[in-house]
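Below is one structure, written out as structure tokens; the observations come after it.
Counting from 1, the numbers follow the sequence of the chain as shown.
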Amino acid sequence: DDNAFSLIYSSEYKGSNLVLFKNLIFIRLTNYIYAIDLKTHKTVWRHSMGDSNSEGDIAVSKNGVLYTPGRMDNKNATGQNSGIFAFNLQ
């Protein structure tokens with residue numbers, strides 16, 4: 001039945017990788033990671049990923065650490081900026 005579900009929230013942030021942790025949805029866009037509160041639908045945190053100009057998947061460990069690819073000062077063997085950022089969500 002097409003009427004079984006209804007939209008309860010829509011966001012200005014467009015991305016394909018969302019992670020749910022407690023009462024927050026995390027989304028990674030090109031230059032920022034955002035945390036959106038599920039109850040208020042407001043952005044409660046954002047972190048700049050520098051000028052990496054690359055999107056990447058995000059994941060949260062069972063210990064509450066959010067991981068995402070990020071820009072580091074050093075370049076890898078292919079000349080690309082590489083690295084991993086980790087944020088403690090506890």
**Asked** So Trp45 and Phe87, would you call those rings parallel, tilted or perpendicular, with 30° and 60° as cut-offs?
**Response**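 The arrangement is perpendicular - the two ring planes meet at more than 60°.
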**Request:** Over 60° means perpendicular and under 30° means parallel, so classify the ring planes of Tyr32 and Tyr34, tilted if in between.
**Result:**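 It falls in the tilted class, 30° to 60°.
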Between [atom1] of [X] and [atom2] of [Y], what distance do you get to the nearest 0.5 Å?
X	Y	atom1	atom2	value
Thr68	Arg28	OG1	CZ	4.0 Å
Leu38	Ile25	CG	CD1	4.5 Å
Asp57	Leu18	CG	CG	11.0 Å
Leu89	Leu66	CG	CG	5.0 Å

**Prompt:** Quick one: are Phe21 and Gln90 in side-chain contact, heavy atoms under 4.5 Å?
**Reply:**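 A side-chain contact under 4.5 Å exists here.
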**Prompt:** So do the side chains of Phe85 and Ile33 get within less than 4.5 Å of each other, counting heavy atoms only?
**Reply:**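 Side chain of Phe85 against side chain of Ile33, heavy atoms only: no contact under 4.5 Å found.
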**Message:** Applying side chain to side chain contact (heavy atoms under 4.5 Å, CB included), can you list everything that pairs with Asp37, at least two apart in sequence or on another chain?
**Reply:**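 In terms of side chain to side chain contact (heavy atoms under 4.5 Å, CB included), with neighbours along the sequence ignored, Asp37 is linked to Asn23, Leu24, Lys39, Thr40, Val44.
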